[in-house]
Structures are given as structure tokens and as C-alpha cells.
Amino acid sequence: MSEIADKVKKIVVEHLGVDESKVTPDASFIDDLGADSLDTVELVMAFEEAFSVEIPEDAAEKITTVKDAIDYIEKQKAA
Amino acid sequence: MQSTGLTSGQRRVVVTGMGIVSPLGLGVERNWSRLVAGENGFGRISSFDASDLPAQVAGEVPAGPTESGGLTLSDWIPVKDQKKMDRFIHLGLVAATEAVEDSGWKPESEEDRCRTGVMIGAGIGGLQTIYEASVTVKEGRARRLSPFFIPSALINLVSGHVSIKYGFKGPNHSVVTACATGVHAIGDAARMIMLGDADVMVAGGAEAAVCPLGIAGFCSAKALSTHFNDEPEKASRPWDRDRDGFVMGEGAGIVVLEEYEHAKARGARIYAEVIGYGMSGDAHHITAPAAGHEGAFRAMQNAMRSAGLTPADIQYVNAHGTSTMADDLELDAVERLFGDDARNLAMSSTKSATGHLLGAAGAVEAIYSILAIRDNVAPPTLNLDNPSRESVIDRIAHTAQERKIDTILSNSFGFGGTNASVILRGV
């Protein structure tokens, strides 16, 4: 797993208080990991902070799973 | 005398559960045994560096293992939820948990849930959270502000969290009347039950203002003790000639109020009945009480009227008594109201042991007063070495006293000139 994926996973575990084993690529923050809408706002902020990227609101709305987050950040970092 | 009081209606209101978090620790029984033993909860401020402030003493809720009366937050609130709440909400939730569990009330039908409400207030609310958020904005990081900032700071969110935790779907309300909050919450919630809005109400106050803004703000208002930074246990000294301001405390006091027949029908333990409640406004000054504390006088008088009592019926007063110049004004008002009956009265200020818990004070002190009824013990006023003036009222200096106590009056007064008194009686 990439360094970015590792870090994303760690942030998710920390912010949502979930077991690491549940944070699979396909896991949905809201449906599988118990987040509410405010949790997801905070998660996106944490990603922005940790990776020094800007995630605009319309992009943030499309980040609903762990994989969505990893993909978006990897794309930003590659650009 | 007009009969408009709590006891004149059909529905009586009793206390069936209690919870306290205070500088004396977690738990009602631990608080009471330490209070009666003459212990105090003071120390130098440890939660932040207060060395550049004139007041450096406070009553902080002790951290530590739950079984020894300390606060281990993760025993009460899941770690991921803690950051969504300011400390005053943490403390309120812990005390509410004790109170609800103590009451044994677990509504199982939707109807029962809808008949159970919450009314928990605070004087100030999420001061530290607001401070930290302000810094974030000041640093040009407004977009990094936590989405939990607002719900973490809002005063009525203790009520919100308690309702969510237990599924209480009745009236969800909150009081904000500075240092009178706790008594107003109990009195107003009792009236909601009396008027039929609910059968059970979880009521009280929570506060966590031992933070840089809280201490510095009250310092600027010249309200805090500054002469006892090296002897924290002596700083809170109600009615003593050397008192020089209050000592900030933090914590929460929560009671479960219940309609009497409802409590009886489920075999609940009944601690006391709320038989009187009185309010008044000073219309005088933003922080100073009027001469003779006439606002306090009227609040107490209104409480007695609502209870249909005369001063001779009351054996113990838990004074507002913050350890400021206003202590003697409250004493004036109590003496005037009680007249000749003042000779038989016991009155103490438990703020001498806990400090001033602001919005939580009235609720914590109502619980102490209920325990005074239960055990026939008047808790002491610590550090009352040399009263600034004499009184026929026994202020229970230094040591708790066994006294026959079946009816108490508890006072709380707040900035803005708001006064509240509640009268409780053993059942």
C-alpha cells in the first residue's frame, strides 16, 4: 500500500474511532464507518491539512469512501 | 397570601436521581462525605499556565481513575465523540449519567420517552472552545475551523447530548442565567412537570470556565480571590473578614425530577420534594447586588410564598455566599426575611469547599442540601475564622453539625441582577 493510502487510513482510524481492519478501500465513511455529515467535513479538513492539498467543496462531496480519498489525493500529488 | 405555588397544583415534583462532578471529585456520595469531613477541592491552576494572572487558584475536577473519584473521560464518553464537545459538556454528561442511572428511570415505550425531558444549562458554555476557534481564525485559518466548533460551544448542547444518549424526547431546554442557572433549571423544570409538559425532567447545570479567558475575565471584573495563591485551601472564605473574591470551580450538578405519583408507581427512591421556587431581578447593576440584597430577599420571599411556608419552617439555607463583599448583603437579606426565626437557622456556603461553579453551582448546592435533609447534617463553611460581622444565624464555621433538617432553601444569584431560590423538603 502506498504511503498516501497508509496515512489516509491512519487519519480515518483516528477521527472516526474505528478499528483499522474496517478501513478497507471500499468502506464508506457514512455507511460503513459510522460517520455523520459533520464527521466527513472534518475528515476532509484533516486530509487537506495532512497532505497540504486543497479539496474544493464539489470534490469533497464526491469523496465518500476510503478509496475515493486516496485516489483524489494521489491525483493531486501527481499533478 | 396568594397561593400560586408548586404545592397548590395537582402535580407534585420530587427528586429521584442525583449526579455530581466537582472539584471534590466524581459522584454524589464521595462529594458529600468529603464535604462533611471539611475537605476542599482547591489547588493552584494546573490546566494552563496562570502565572501571569492575579488569580492562580481554582477548584478543578481531579483527573484520575474513576474508582478513586477522578475523571477518566474515556470511561464515560467515546474518544471520537469527546472532541465534539467542550469540557462543560463532558462534565455535564458525566453528572447526568450518574443521575439518570441513580434514578433507575429507563423509559421503554415511545410515550414514556416523549414524557421525559432535559433542562441543563450553563453560565458561560464553551469558553475554551470559543477561545481556541478564535485563535484559528486570527491565524488566517478560518477554513480549518472544526465543523464541531459551534455544537461544541453551545450551552444547550448538554441537554442535546443527554437526550440523544438516553432517547429522552420530551421538552429539551436550557437555562442561561449566569450563576443562577442551576437553581433556575431545577425550578423551571419542576414547573414543566407541574404544568404537565413532562413527567420526568433531567435538570441542572454544567460549567468549565477554569481556562485563560474565564480566569482572566473574572480577574478583570475584580471578582476573584488573589491573596491566597500560595494557600489555595484558604482562598474561599465566605463571610470571613479576609475574603477577597471567589475561587473559580468547575463541574456539574444534575437531578432527575419526577412527578410524585409517577415516581411512586415505579417504586423509585424519593430524595426530596421541590416545594417552592422564587425568582427576582435586581434592576440595579450588571454585577453588583442592590443594598440589603433586596433582590435576593424577594427571591427567597417568593419561594416561601410559592411553598406556602413561613421562615420557621426552614432549618437550613445553602447560601450563594461566594466569598465576596456581597456575602454580607445576602446575610442582611436572610436576617431580614427570617426575623426572630434566624436564631434557629443554620446557613452555610459550600463554595468554601468547592469554589464557585457558576452555572453549575445552584444544582450542586441543591444536591448537597438534599443530603443535608437525608442525613440531618449541615455542611460546614470552611475558613470562617473571623466573620466580618456577627449574626444570630449559625453559619456552621469549619465543622459540619448534626441538626434536625427537613426543609431547606438554596440561593443562587447571577450577574445581570438575577436571583433564584428553591425550597426542598424531605418526603
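Note on naming: letters A, B, ... go to the chains in the order of the sequence lines (proteins, then strands), and numbering restarts at 1 for each one.
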Looking only at heavy atoms, what is the nearest atom pair of [X] and [Y], with distance?
{"X": "B:A209", "Y": "B:L358", "value": "CB-CD1, 3.8 Å"}
{"X": "A:I11", "Y": "A:A46", "value": "CG2-CB, 3.7 Å"}
{"X": "B:L357", "Y": "B:P23", "value": "CD1-CD, 4.0 Å"}

Does the [X] side chain pair with the main chain of [Y], one donor and one acceptor, at a distance under 3.5 Å?
{"X": "B:T116", "Y": "B:F168", "value": "no"}
{"X": "B:E207", "Y": "B:G123", "value": "yes"}
{"X": "B:S163", "Y": "B:G167", "value": "no"}

Polar pairs (donor with acceptor) under 3.5 Å from chain B to chain A:
| from | atom 1 | to | atom 2 | distance (Å) |
| --- | --- | --- | --- | --- |
| B:K83 | NZ | A:H15 | O | 2.8 |
| B:K83 | NZ | A:E42 | OE1 | 3.4 |
| B:K84 | NZ | A:D39 | OD1 | 3.0 |
| B:K84 | NZ | A:D39 | OD2 | 3.4 |
| B:R141 | NH1 | A:E49 | OE2 | 3.2 |
| B:R144 | NE | A:E49 | OE1 | 2.4 |
| B:R144 | NH1 | A:E48 | OE1 | 2.8 |

Q) If you measure only the distance, is there a donor-acceptor pair under 3.5 Å linking the side chains of B:S22 and B:N31? A) yes
Q: Determine, step by step, whether B:Y166 and B:V118 satisfy the side chain to side chain contact (heavy atoms under 4.5 Å, CB included) criterion, reporting the C-alpha distance in whole Å, the side-chain angles of both residues, the deciding distance to 0.1 Å, and the verdict.
A: CA-CA 10 Å; B:Y166 290 104; B:V118 191; over 6 Å; no
Q | Ring geometry between A:F51 and A:F47 (parallel below 30°, tilted from 30 to 60°, perpendicular above 60°) | A | tilted
Q) Among residues 92-106 of chain B, which ones touch chain A with a heavy-atom distance under 4.5 Å? A) none
